[in-house]
**Q** 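For reference, the structure I am asking about is given below.
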Amino acid sequence: MNKPTIDELLKTPTFGYAYYKIIPDINGKPEDYQFKDINQQFEKITGFKRAGIINKKITEVIPENEH
């Protein structure tokens, strides 16, 4: 598949899609991740709005639950 076809498919609002950047700790272990892209269906499923989460870390969007 070429890139325009993949991009078009990922933007199709029949399934939720999110693209993340993994943020490692000092040992290289994944510690957090950052929202880089989402589609409209992701917004509908989660209730998050694109403008409110793009380039934010998941821990900023959904704080960890206190134990």
Side-chain angles (χ1 to χ4, degrees):
M1 249 187 232
N2 61 32
K3 184 151 174 43
T5 304
I6 292 170
D7 287 345
E8 186 176 312
L9 175 65
L10 293 176
K11 300 299 180 192
T12 303
T14 57
F15 60 91
Y17 163 81
Y19 177 68
Y20 305 101
K21 174 184 174 184
I22 296 172
I23 301 171
D25 65 13
I26 60 172
N27 297 313
K29 181 179 175 185
E31 177 178 66
D32 205 345
Y33 56 95
Q34 182 181 44
F35 289 95
K36 299 308 283 178
D37 192 21
I38 63 170
N39 70 358
Q40 289 179 331
Q41 191 66 14
F42 184 89
E43 288 182 301
K44 289 179 185 177
I45 291 168
T46 65
F48 296 131
K49 298 298 178 198
R50 178 183 184 77
I53 67 171
I54 295 299
N55 293 317
K56 288 190 178 178
K57 295 177 184 177
I58 189 67
T59 54
E60 295 173 311
V61 176
I62 306 171
E64 292 179 348
N65 293 327
E66 292 183 29
H67 297 280

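Numbers here are sequence positions counted from 1.
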**Q** Indicate the ring-plane relationship of Tyr33 and Tyr20, choosing parallel, tilted or perpendicular according to the 30° and 60° boundaries.
**A** perpendicular
**Q** Assess the residue pair Asp37 and Arg50 against the criterion (side-chain contact (heavy atoms from CB on, under 4.5 Å)); give the C-alpha distance rounded to whole Å, side-chain angles, the decisive distance to 0.1 Å, and a yes or no.
**A** CA-CA 8 Å; Asp37 192 21; Arg50 178 183 184 77; 2.8 Å; yes
**Q** Nearest heavy-atom pair of Phe42 and Tyr17: which atoms, and what distance?
**A** CB-O, 3.5 Å
**Q** What's the spacing between Ile53 CD1 and Phe35 CZ if we round to 0.5 Å?
**A** 4.0 Å
**Q** Do Ile23 and Ile62 sit in one hydrophobic cluster, given that two such residues count as connected whenever their side-chain heavy atoms are within less than 4.5 Å of each other, even indirectly?
**A** no
**Q** Return yes if some donor-acceptor pair links the side-chain N/O of Asp25 with the main-chain N/O of Asn27 below 3.5 Å, else return no.
**A**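 Yes: the side chain of Asp25 pairs with the backbone of Asn27.
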**Q** What residues, two or more places apart in sequence or in another chain, satisfy side-chain hydrogen bond (donor to acceptor under 3.5 Å, both in side chains) together with Lys36?
**A** Asn55
**Q** To the nearest 0.5 Å, how far apart are CG in Asn39 and OH in Tyr19?
**A**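 Going from CG on Asn39 over to OH on Tyr19, the span is 15.0 Å.
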**Q** Minimum heavy-atom separation for Lys57 to Glu60, with atom names?
**A**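 Closest heavy-atom pair between Lys57 and Glu60: N-OE1, 2.7 Å.
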**Q** Please round to the nearest 0.5 Å and tell me the distance separating atom CD1 of Ile45 and atom CZ of Phe15.
**A**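 So the gap between those two atoms works out to 10.0 Å.
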**Q** Quick one: CD on Gln34 to OG1 on Thr59, what's the gap to the nearest 0.5 Å?
**A** 10.0 Å
